[in-house]
Amino acid sequence: MADYKVTVDQLPTGKWACFLHVEGEEAPINLGREFKNDEQAENWLNVSESVTAIEMMLRKVKK
């Protein structure tokens, strides 16, 4: 599986989102959820929904 990291960054709208950074990909991939603050985004990374989103994006990038 590709090397990757996940970051929490603020969007231009002021909301926060989680981004998947995959080695070999130019741009980070938004995992599709937006949050009111960075704490909520960080907490989302601890639930199974985020694991599923990461796995799906990794499979998509791998193709």
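Note: hydrogens, waters and symmetry copies are ignored here, and every other heavy atom, side chains too, is used. Computed from a prediction, not measured in an experiment: that's the story for all the values here.
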One pair to check against side chain to side chain contact (heavy atoms under 4.5 Å, CB included): Val6 and Leu45. What are the steps and the verdict?
CA-CA 9 Å; Val6 177; Leu45 291 174; 3.7 Å; yes
Does any pair with a residue in residues 41-50 pass salt bridge (Lys or Arg N to Asp or Glu O under 4.0 Å), and if so which ones, sequence neighbours excluded?
Arg33-Glu49
Is Met56 isolated, or which residues cluster with it under the ILVMFWY side-chain rule of less than 4.5 Å, directly or via members?
none
Could you list the residues that satisfy side chain to side chain donor-acceptor pair (under 3.5 Å) with Thr7, not counting sequence neighbours?
Asp9, His21
Taking ring pair (Phe, Tyr, Trp, His ring centres under 6.0 Å) as the cut-off, I'd like each qualifying pair that reaches into residues 30-63, sequence neighbours left out, listed once.
Phe35-Trp44
Can you name the residues that form a salt bridge (charged side-chain N to carboxylate O under 4.0 Å, His left out) with Glu39, not counting sequence neighbours?
none
Working to the nearest 0.5 Å, report the span between CG of Leu20 and OH of Tyr4.
7.5 Å
What one should report as the nearest heavy-atom pair of Met57 and Asn30 is CE-O, 4.0 Å
State which residues pass side-chain contact (heavy atoms from CB on, under 4.5 Å) with Thr13; sequence neighbours excluded, sorted by chain then number.
Leu11, Lys15
Ile54 and Phe19: same hydrophobic cluster, using ILVMFWY side-chain contacts below 4.5 Å?
no
Spacing of Asp38 atom CG and Cys18 atom SG [to the nearest 0.5 Å]
10.0 Å
